[in-house]
2 protein chains.
Amino acid sequence: MASDTRDAIRGVAVELFSKHGYEKTSLREIAEQLGMTKAALYYHYPSKQALLVALIEPLIEKWKVVAGRTAGLPVTHANVERILGEVLDVLLGHRAIAGMFARDAPAMFEAIGPFYQDLVDLTLRLHTWLAGPAPTTADRIRAVAATEVLGSALGWSPVIAEVSDHELRTVLLETAITVLRSADRPAL
Amino acid sequence: MASDTRDAIRGVAVELFSKHGYEKTSLREIAEQLGMTKAALYYHYPSKQALLVALIEPLIEKWKVVAGRTAGLPVTHANVERILGEVLDVLLGHRAIAGMFARDAPAMFEAIGPFYQDLVDLTLRLHTWLAGPAPTTADRIRAVAATEVLGSALGWSPVIAEVSDHELRTVLLETAITVLRSADRPAL
DNA sequence: GTCTATACCAGGATAGAC
DNA sequence: GTCTATCCTGGTATAGAC
């Protein structure tokens with residue numbers, strides 16, 4: 001087994017990192033909450049950054065899979081709905097971690113530049129795909145906005161916290177699709 | 001006059017805070033870039049936090065004005081468009097600072113809790129107003145999503161950076177309104 | 001009124017004892 | 001696998017030069 005201690009450390013780490021931010025969470029705090037010393041953490045994870053990376057990796061992997069699927073995929077209504085749904089599932093399935101990327105971006109970048117860059121690049125590919133072939137500027141803005149709508153799932157608002165994952169998924173998916181479709185409407 | 005030096009300090013501070021994040025920006029860095037010592041900064045601003053507050057204040061004031069306007073205002077098409085437009089103008093007029101709140105949230109909260117809480121409360125009031133009277137859960141989610149669409153103006157995507165403020169304003173305003181209106185569409 | 005020198009404490013990191 | 005001792009950097013505080 002991959003060590004109970006490591007699991008416990010990661011658990012406390014996600015909790016504190018998302019609550020107080022990465023920079024403001026001290027290793028002493030994490031250690032104290034686990035009943036060990038700062039230095040003991042260093043046995044299990046060689047640095048604060050390595051601990052962060054261990055938390056991040058599962059999200060990155062799933063994000064790669066979803067964004068990768070868009071390669072060469074035609075931008076049909078059905079495909080857009082499927083991809084956006086998968087994106088939402090990744091966000092909802094890793095809320096705490098994805099929320100860190102959304103809300104604690106500079107810390108994430110300073111700590112794990114290349115990994116962070118991977119996520120950014122993948123997101124840009126998603127934007128490009130969503131904008132469709134030969135997009136206008138407005139199409140590209142809407143692609144960003146649609147992604148932002150999905151990001152609402154990570155929000156701090158009580159509205160978001162109170163709603164069931166299922167309803168959140170349904171409404172946000174429909175809304176994001178509406179945003180992309182709004183190109184078809186006559187100009188205001 | 002309110003001191004050239006203070007202006008210069010604030011200029012460098014916004015730049016570095018938004019580039020590397022608040023926590024990761026050291027006062028030494030700021031001082032060096034200005035050709036002075038760390039301690040000299042302390043003459044002009046009594047703490048790193050006070051410097052941050054000085055940057056933040058103009059945004060908070062404007063945000064208060066806009067969110068305050070919604071009090072008792074009927075949720076008509078025209079009013080929604082006017083308020084969302086004003087929100088966009090505030091965001092576009094304070095891009096760097098507003099971006100810090102969007103992307104560096106834990107740092108902002110740790111540093112200036114009460115001020116941050118003000119912004120959050122005002123934003124929640126905006127959500128509530130946008131959701132309209134007797135809102136369904138879906139209405140409330142869409143209100144959050146519409147706000148998130150406006151927040152796209154603060155994004156790091158090259159799409160956003162390349163587009164003119166005017167076109168960004170036009171498209172995002174129209175898109176946010178579409179999101180709120182999408183309740184009228186027949187269910188998927 | 002503006003700045004320098006200097007010292008203090010907290011947090012991340014490393015070496016080495018047990 | 002866990003701890004003590006130690007180092008370095010960054011925010012902070014104060015004394016004092018100009």
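Numbers restart at 1 for each chain; the letters A, B, ... are given by sequence-line order, proteins then strands.
Rounded to whole angstrom, the span from the NZ atom of K38(A) across to the P atom of dC3(D) amounts to 13 Å. Distance Y45(A) OH to dT14(C) C1': 20 Å, rounded to the nearest Å. Between the CG atom of L34(B) and the P atom of dT4(C) there is a distance of 11 Å, rounded to whole Å. In this structure, F17(B) atom CZ and dG11(D) atom P are separated by 9 Å, rounded to whole Å. Summarising the geometry, the separation between OH on Y42(B) and C1' on dT14(D) is reported as 13 Å, rounded to the nearest angstrom. Straight-line distance from the CD1 atom of I9(B) to the C1' atom of dG1(C): 14 Å, rounded to whole Å. Regarding R6(B), its CZ atom lies at a distance of 6 Å from the P atom of dT2(C), rounded to whole Å. Rounded to whole Å, the distance from CG on L16(B) to P on dG10(D) is 13 Å.
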Evaluate the salt bridge (Lys or Arg N to Asp or Glu O under 4.0 Å) criterion for residues K64(B) and D121(B): first the C-alpha distance (whole Å), next the side-chain angles of each, then the deciding distance (0.1 Å), finally the verdict. CA-CA 10 Å; K64(B) 268 186 188 151; D121(B) 292 343; over 6 Å; no

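The aromatic rings of Y22(A) and F17(A) sit perpendicular, their planes meeting at an angle over 60°, well past the 30° parallel limit.
Residue A40(A) places its side chain closer to dC3(D) than to any other of dC3(D), dC3(C), dG12(C). The side chain of A39(A) approaches dT14(C) more closely than any other nucleotide in the set dA13(C), dT14(C), dT2(C). Relative to the side chain of H44(A), the nucleotides dT12(D), dG1(D), dG12(C) differ in distance, and dG1(D) lies closest. Checked against dT2(D), dT12(D), dT4(C), the side chain of Y43(A) finds its nearest nucleotide in dT2(D). Closest to the M36(B) side chain, of the nucleotides dT4(C), dG10(D), dA13(C), is dT4(C).
Using a 4.0 Å cut-off, some side-chain N or O of T37(A) falls inside it from OP1 or OP2 of dC3(D).
Looking at R140(B) and E162(A), a side-chain N of the basic residue comes within less than 4.0 Å of a carboxylate O on the acidic one, giving a salt bridge. With salt bridges taken as basic N to acidic carboxylate O contacts below 4.0 Å, one links D89(B) and R169(B).
Judged by distance alone, the side chains of Y45(B) and R6(B) never bring a donor and an acceptor atom under 3.5 Å apart.
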